Amino acid sequence: MTEGFKPIAITLENCGKTFADGTRALHPLTLEIAASETIVFLGPSGCGKTTTLRIIAGLETPDPGGRVLFDGEDVTALPIERRRVGMVFQSYALFPNMSVAENVGYGLRVRRVAGAEAAGRVAEMLAMMRIEALADRRIDQLSGGQRQRVALARALAVRPRVLLMDEPLTALDAKLRDALRLEIDELLRRLGITAIYVTHDQAEAMALGDRIVVMDHGRVAQVGKPRDIYQRPSTRFVADFIGTMNRINGTVRDGAFVTAAGAIPWREAPPGASEALFRPEDVTLDDTAEAHLRGRLTAAFFLGDRTRLFIDVGMEKPLVTETGARRDFTHDEPIGLRIDPRGLMAL
Amino acid sequence: MRHETPRLILLLLPAGIFFTAFFLLPLSRLFAIGGSGADGFAAYAAIVTDRNYFASLLSTLALAAATTAATLVISGISGVFLQRSRFPGNAILVAMLTFPLAFPGVVIGFMVIMLAGRQGLIGEIALRLTGEKIVFAYSMAGLFMGYVYFSVPRTILTVMAAAEKLDPKLEEAARSLGASTWQVVRDVIIPGLKPAFISAGAICFATAVGAFGTAFTLATRINVLPMVIYTEFTLQANIATAAALSFVLGAVTWVVLAAARTAAGSSVAAAG
Ligand SMILES: Nc1ncnc2c1ncn2[C@@H]1O[C@H](COP(=O)(O)OP(=O)(O)OP(=O)(O)O)[C@@H](O)[C@H]1O
Ligand SMILES: [Mg+2]
């Protein structure tokens, strides 16, 4: 089922985009995407993710000086219809005047793939997305999840060189989103296709991306594997945008980070650091005399398998941690915290 | 729930009265008059059996169909273009399009004569270029030109409104799948504009079938059904035949529009 896909490497060279009205949507960006890699563009609304995707697709041309290469071949001047890319949109963009099977077969029809071969390919795609039973349905008779399956089948039917997805799951409800995300992940690995995925949902980005490109105001903030980006964010923006980040002010003294709420042992502390950052999972509750930090509970959210705690330590924002402790928490109760030094960072 | 039916009847009353007073009664009266002549209801058969009537029915329908087709092609192309391109003067041009909407048929006819009449612009230019004067204002061709001129502006406005609602993502999806510009037009834009084409086309067709003023201005001998009806009614005082022809004209138009609507599988169009 996976034969016929020839993944390509993609290179963006100094691809910037200034729109006619002067909007600087994208500052010149250079990026190498390996064949078969899944790259996720992640960032808040308006940061330029869609613009980047559209430049790769051929729907926008980069500002002069920018180049897009597919396997080394310069495709910058090639319009989208000659780039052989698969596109999946948030709004599905299925043809309402065609049935499911006709939608899936459309790319083959316009490329004049012979009838029998096209029919076989359509059947194969419908089977792959498990929508054989819907083949003759009209588009308005489908649920959102089914529509997105059709859109994926349609995009993949022409054996694209790269699959481009712009927030394909955003319009779906949470449960369906999780299920389809898993399915897309399996599909991309099985086909080995080069894939570019745009989202503003960091959980989605972490789950799908071989690498994540975090974007902010038209610039790349950081590129890296999900784990690197989570554990070693290179800017405050990335630290805040991905996951939850605790921050506390203090000074480095004698192998410890001394704050108003207590001292955290931190041997590798960069000298002169005035702020320590750490993730909720690096914090444990500790009511003994050895606790690093002391504060008071401001809120506790019971989430079923765990409880999310907000602890005031006299900083601008309360520290956040989660605990599996089987007990009730009361407002304003004193809380002692221990911080795993391996999770400490300074920026 | 039990009070639903009386309430429904009450709510339907205004529409019912209107429908009866202005549609059902006059139409049945018209139908009755059509059968009140010397030949009785056989007058209705005359539209088929009388070669003159039948020919004018056919030419009327052909003229309306040609007008509709030409109008849709011209308006479809220019409507989409005007909606998508921003150029200086765009807004003024679109505003000017509504200008001919208020013209009576006489004025349209007058303009056709100025353009393609004996002293018309087209004739003058042709004379300079080829040494031969082209005059077609006083014929079916002149009528066709006048009707197209009258129908294009409003159809463009309808097309523009519909083109604005087309989802650009559909075109992008089609192109990503390899569709050429022409294939995008055929598979995405035209299907997307179909409801607008049907409703605008229906109005265009019905207007062209029933229009009278332009034909009257251009020539009294143009063989279209409204002219025939006028002649029968005022000149021959043949009221029964005029009524029968009118009724058939309405009915045929209605059938054509209903058929077009069914064929297009849409419930959007207004049947004339
Ligand atoms: N055709 C256009 N003309 C002018 N400005 C545009 C155009 N398209 C996008 N922009 C602007 O460029 C910036 C980046 O837009 P883009 O669509 O790439 O953002 P995004 O990251 O995809 O956001 P979102 O998550 O909301 O989809 C925004 O400020 C947007 O307003
Ligand atoms: Mg976007």
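Please read all numbers here as calculations on a predicted model, not as lab measurements. We name chains A, B, ... by the order of the sequence lines, and we start the count at 1 in each one.
Annotation: salt bridge (charged side-chain N to carboxylate O under 4.0 Å, His left out) contacts of A:Glu132 (sequence neighbours excluded): none.
Taking CG from A:Leu164 and OG from B:Ser176, the interatomic distance works out to 8.5 Å, rounded to the nearest 0.5 Å.
With hydrogens and angles ignored, the 3.5 Å screen pairs a side-chain donor or acceptor of A:Arg111 with a backbone N or O of B:Leu177.
Applying the salt bridge (Lys or Arg N to Asp or Glu O under 4.0 Å) rule to pairs touching residues 138-158 of chain A yields A:Arg138-A:Asp140, A:Arg149-A:Glu183, sequence neighbours excluded.
Interface residues of residues 89-109 of chain A toward chain B, defined by a heavy-atom distance below 4.5 Å and sorted by number: A:Phe89, A:Ser91, A:Ala93, A:Leu94, A:Phe95, A:Pro96, A:Asn97, A:Met98, A:Tyr106, A:Gly107, A:Arg109. Residues of residues 69-85 of chain A that come closer than 4.5 Å to chain B, counting heavy atoms only, are A:Pro79, A:Ile80, A:Glu81, A:Val85, ordered by residue number.
For B:Leu101, the CG atom counts as densely surrounded, since its 6.0 Å shell holds more than 12 non-hydrogen atoms of other residues, nucleotides or ligands. The 12-atom threshold is exceeded at CZ of B:Arg86, counting heavy atoms of other residues, nucleotides or ligands nearer than 6.0 Å. Other residues, nucleotides and ligands contribute at most 12 non-hydrogen atoms within 6.0 Å of the CZ atom of B:Phe99.
Looking only at side-chain heavy atoms (C-beta outward), B:Glu172 and A:Arg54 come within less than 4.5 Å of each other.
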